[in-house]
Chemist: 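There's a structure below that I have some questions on.
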Amino acid sequence: MLNGQHLATLVAVVEEQSFGAAASRLRITQSAVSQRIRALEQQVGHVVVTREGPCLPTDQGSILLGLARGVATLEADALGRLAGGSGAARLDVGVNADSLATWFGEVIAAVARWDDGTQLRLQVDDEHHTADLLRAGTVLGAVTTDPEPVQGCAVEYLGFMRYLPVCTGEFAARWQRGGRWRWREMPVVQFDLRKDDLQNRVLRWHGVTAEPGATDYPPAQRIPSSEGFAHAVRVGLGWGSLPEAQLGDALDRGDLVRVGDRPVDVKLYWQSWRLHTRATGRLADAIHAAAAVHLR
């Protein structure tokens, strides 16, 4: 059986990214941290964390990290129930930036109303990559586009976010000729040149197959913020695909116009470890309630 102290020490080392900082957090010596990590590695037969630079979990360490966080969540839930309450749980959740800027705000409001000391800690990544946070053991649940369950996780469909490629009227006047858009030349706003595939999907539909950074790729503006991205499109820096929830009445007022007539639909799922605690159940309920209102 794995030692609970050793698992908790692994979590501290990874979150603090150093043995010294983990020692301060746990209020033990750095030597004691090293001894616990070595004992854990000897027991499982693998190196679980890197020693140079920021301390990161190895592939084997990530498996243990997920276990450690799951054990901590279950322990907090059990102790809280024994004390006659729900306990102060910590919920580490992965979410994409556009969801956080739109419908996920209602989830945050729901957790705030619990008033039981629950800690909500969000990690933001592209919706196509949030499942990697589950695989790395850094979150207990994630809003993701991946319908295939990570080992040990359950998957529930939430609905889909609809994005509309849009630009300003002035931008359209510059880059549209005879009803045809100059897809290979007009600037595009990208959230992340490596991970953002929304704009690339639109470009591929219109015959542009080059990847970002290629010489024949349209001029790309990188704005790694959901709110900043929307602002960049609204002021004419380039065209981009915005969630319907961020558009408001901009299309009706004529502040923005459609670029092409094809929307981009992104299916979203809730993936989470099979922990079955009161806090994780309430969180899932809040996520489904918000998704039912705001997703299609």
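Everything numeric in this text was worked out from a predicted model, so none of it was measured.
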Chemist: Apply side chain to side chain contact (heavy atoms under 4.5 Å, CB included) to the pair Ser99 and Met161, showing each step before the final yes or no.
Modeler: CA-CA 9 Å; Ser99 290; Met161 289 187 71; 3.6 Å; yes

Chemist: When you look at Ser226 and Gln246, which way does the side chain to side chain donor-acceptor pair (under 3.5 Å) test go after all the steps?
Modeler: CA-CA 9 Å; Ser226 186; Gln246 282 188 321; 3.2 Å; yes

Chemist: Applying side-chain contact (heavy atoms from CB on, under 4.5 Å), can you list everything that pairs with Ala210, at least two apart in sequence or on another chain?
Modeler: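 With sequence neighbours excluded, Ala210 shows a side-chain contact (heavy atoms from CB on, under 4.5 Å) to Ala214, Asp216, Tyr217, given in chain and number order.
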
Chemist: Going by the rule side-chain contact (heavy atoms from CB on, under 4.5 Å), which residues pair with Ala292 if we only count those two or more places apart in sequence or in a different chain?
Modeler: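 With neighbours one apart ignored, the set is empty.
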
Chemist: Could you list who else is in Ile63's hydrophobic cluster, with ILVMFWY side chains joined at under 4.5 Å, directly or through other members?
Modeler: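 Other cluster members: none.
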
Chemist: Minimum heavy-atom separation for Phe171 to Gly236, with atom names?
Modeler: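 Result for this residue pair: CD1-O, 3.8 Å.
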
Chemist: Just verifying a value: how many Å separate Gln221 CD and Leu237 CG, rounded to the nearest 0.5 Å?
Modeler: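 Here the interatomic distance stands at 4.0 Å.
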
Chemist: First locate atom CG of Leu242, then atom CG of Leu164, and finally report the distance between them rounded to the nearest 0.5 Å.
Modeler: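 Between Leu242 CG and Leu164 CG, I get 8.0 Å after rounding to 0.5 Å.
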
Chemist: Applying salt bridge (Lys or Arg N to Asp or Glu O under 4.0 Å), name anything that partners Glu106, two or more places apart in sequence or on another chain.
Modeler: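 Result, salt bridge (Lys or Arg N to Asp or Glu O under 4.0 Å) vs Glu106: none returned.
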
Chemist: Show every side-chain hydrogen bond (donor to acceptor under 3.5 Å, both in side chains) that has at least one partner inside residues 136-148, sequence neighbours left out.
Modeler: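 Non-adjacent pairs meeting side-chain hydrogen bond (donor to acceptor under 3.5 Å, both in side chains): His128-Thr145, Arg135-Asp146.
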
Chemist: How far apart are the closest heavy atoms of Trp114 and Leu283, and which atoms are they?
Modeler: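 So the minimum-distance heavy-atom pair works out to CH2-N, 3.6 Å.
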
Chemist: Go through it in stages, so that I can follow the logic: the residues are Leu64 and His46, the test is side chain to side chain contact (heavy atoms under 4.5 Å, CB included), and I'd like the CA-CA distance, side-chain angles, deciding distance and then a yes or no.
Modeler: CA-CA 11 Å; Leu64 294 178; His46 296 282; over 6 Å; no

Chemist: Are the side chains of Ile287 and Glu156 in touch, meaning some heavy atoms are under 4.5 Å apart?
Modeler: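 In short, these two side chains do not touch, never coming nearer than 4.5 Å.
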
Chemist: Would you say Leu56 and Leu10 are hydrophobically clustered, going by side-chain heavy atoms of ILVMFWY under 4.5 Å?
Modeler: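 Leu56 and Leu10: separate clusters.
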
Chemist: Quick one: does Thr130's side chain have a donor or acceptor within less than 3.5 Å of a partner on Val143's backbone?
Modeler: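 Checked: pair present.
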
Chemist: Working to the nearest 0.5 Å, report the span between CG of Asn96 and CG of Asp125.
Modeler: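 If we round to the nearest 0.5 Å, Asn96:CG and Asp125:CG are 9.0 Å apart.
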
Chemist: Apply salt bridge (Lys or Arg N to Asp or Glu O under 4.0 Å) to Asp285 and list each qualifying residue two or more places apart in sequence or on a separate chain.
Modeler: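 Once residues adjacent in sequence are excluded, Asp285 has no partner under the salt bridge (Lys or Arg N to Asp or Glu O under 4.0 Å) criterion.
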
Chemist: Atom CG in Asp132, atom OG in Ser62: separation rounded to 0.5 Å?
Modeler: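 The CG atom of Asp132 sits 10.5 Å away from the OG atom of Ser62.
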
Chemist: For Phe19 and Ile37, what are the C-alpha separation, side-chain angles and deciding distance, and is it a side chain to side chain contact (heavy atoms under 4.5 Å, CB included)?
Modeler: CA-CA 10 Å; Phe19 280 49; Ile37 295 298; 4.2 Å; yes

Chemist: Would you say Asp126 and Asp192 make side-chain contact, with heavy atoms under 4.5 Å?
Modeler: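 No. Closest side-chain heavy atoms not under 4.5 Å.
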
Chemist: So if you build clusters from Ile, Leu, Val, Met, Phe, Trp, Tyr with side-chain heavy-atom gaps below 4.5 Å, do Leu2 and Val47 land together?
Modeler: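 Each belongs to a different hydrophobic cluster.
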
Chemist: Just checking Asp249: does its CG atom have more than 12 heavy atoms from other residues, nucleotides or ligands closer to it than 6.0 angstrom?
Modeler: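 Yes, CG of Asp249 has more than 12 neighbouring heavy atoms, counting only those of other groups under 6.0 Å.
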
Chemist: Checking side-chain polar atoms at under 3.5 Å, does Gln35 have a donor or acceptor matched by the opposite partner on Ser31?
Modeler: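 There is such a pair between these side chains.
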
Chemist: Using the salt bridge (Lys or Arg N to Asp or Glu O under 4.0 Å) criterion, which residues pair with Arg201? Sequence neighbours excluded.
Modeler: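 With sequence neighbours excluded, Arg201 shows a salt bridge (Lys or Arg N to Asp or Glu O under 4.0 Å) to no residue whatsoever.
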
Chemist: Could you walk me through whether Arg282 and Arg278 satisfy the side chain to side chain contact (heavy atoms under 4.5 Å, CB included) test, starting with their C-alpha distance in whole Å, then the side-chain angles of each, then the deciding distance to 0.1 Å, before giving a yes or no?
Modeler: CA-CA 6 Å; Arg282 294 176 79 187; Arg278 183 168 184 266; 3.2 Å; yes

Chemist: Which residues pass the side chain to side chain donor-acceptor pair (under 3.5 Å) test with Tyr163, not counting sequence neighbours?
Modeler: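 Residues passing side chain to side chain donor-acceptor pair (under 3.5 Å) with Tyr163: Asp98.
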
Chemist: Just by modelled atom types, is the Ser241 backbone N or O under 3.5 Å from a matching donor or acceptor in the Gln199 side chain?
Modeler: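 Present.
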
Chemist: Would you mind reporting whether Val266 and Glu127 have side-chain heavy atoms less than 4.5 Å apart?
Modeler: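 Yes, their side chains come closer than 4.5 Å.
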
Chemist: Apart from Tyr157 itself, what residues make up its hydrophobic cluster when side-chain heavy atoms of I, L, V, M, F, W and Y under 4.5 Å apart count as a link, directly or indirectly?
Modeler: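 Result for Tyr157 is Val155, Phe160, Tyr269.
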
Chemist: Other members of the hydrophobic cluster containing Val235, with the 4.5 Å side-chain heavy-atom rule, please.
Modeler: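 Members besides Val235: none; it forms no cluster.
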
Chemist: Applying side chain to side chain donor-acceptor pair (under 3.5 Å), can you list everything that pairs with Ser272, at least two apart in sequence or on another chain?
Modeler: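 Checked Ser272 against side chain to side chain donor-acceptor pair (under 3.5 Å); zero matches.
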
Chemist: Does Gln190 reach the main-chain N or O of Gly240 with its side chain, forming a donor-acceptor pair under 3.5 Å?
Modeler: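 Not at all, since once roles are kept as given, no pair shorter than 3.5 Å links the two residues.
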
Chemist: Where do Ala286 and Val107 come nearest, in terms of heavy atoms and distance?
Modeler: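 Ala286 and Val107 have their closest heavy atoms at O-CG2, 3.8 Å.
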
Chemist: Can you tell me which residue pairs pass the side-chain hydrogen bond (donor to acceptor under 3.5 Å, both in side chains) test with a partner in residues 164-184, sequence neighbours excluded?
Modeler: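 Listed once each, the pairs are Arg182-Glu185.
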
Chemist: Identify whether the distance between the nearest side-chain nitrogen and carboxylate oxygen of Asp92 and Arg90 falls below 4.0 Å.
Modeler: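 Salt bridge: yes.
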
Chemist: Would you give the length of the straight line joining atom CG of Leu158 to atom NE2 of His288, rounded to the nearest 0.5 angstrom?
Modeler: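 The NE2 atom of His288 is 5.5 Å from CG of Leu158, to the nearest 0.5 Å.
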
Chemist: If you round to the nearest 0.5 Å, how far is CZ of Arg36 from CG of Leu26?
Modeler: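 Result: 6.5 Å between the selected atoms.
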
Chemist: Considering all heavy atoms of both residues, which atom of Gly228 and which atom of Ile223 are nearest to each other, and what is their separation?
Modeler: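 Result for this residue pair: C-CG2, 3.3 Å.
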
Chemist: Taking the side chain as C-beta and beyond, is there a heavy-atom pair between Leu134 and Trp273 under 4.5 Å?
Modeler: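 Counting from C-beta outward, Leu134 and Trp273 do come under 4.5 Å.
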
Chemist: Please report the closest heavy-atom contact between Ala97 and Phe191, naming both atoms and the distance.
Modeler: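 For Ala97 and Phe191, the tightest heavy-atom pair comes out as CB-CZ, 3.6 Å.
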
Chemist: Which heavy atom of Val257 sits nearest to which heavy atom of Ala172, and what is that distance?
Modeler: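 The answer is CG2-CB, 3.9 Å.
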
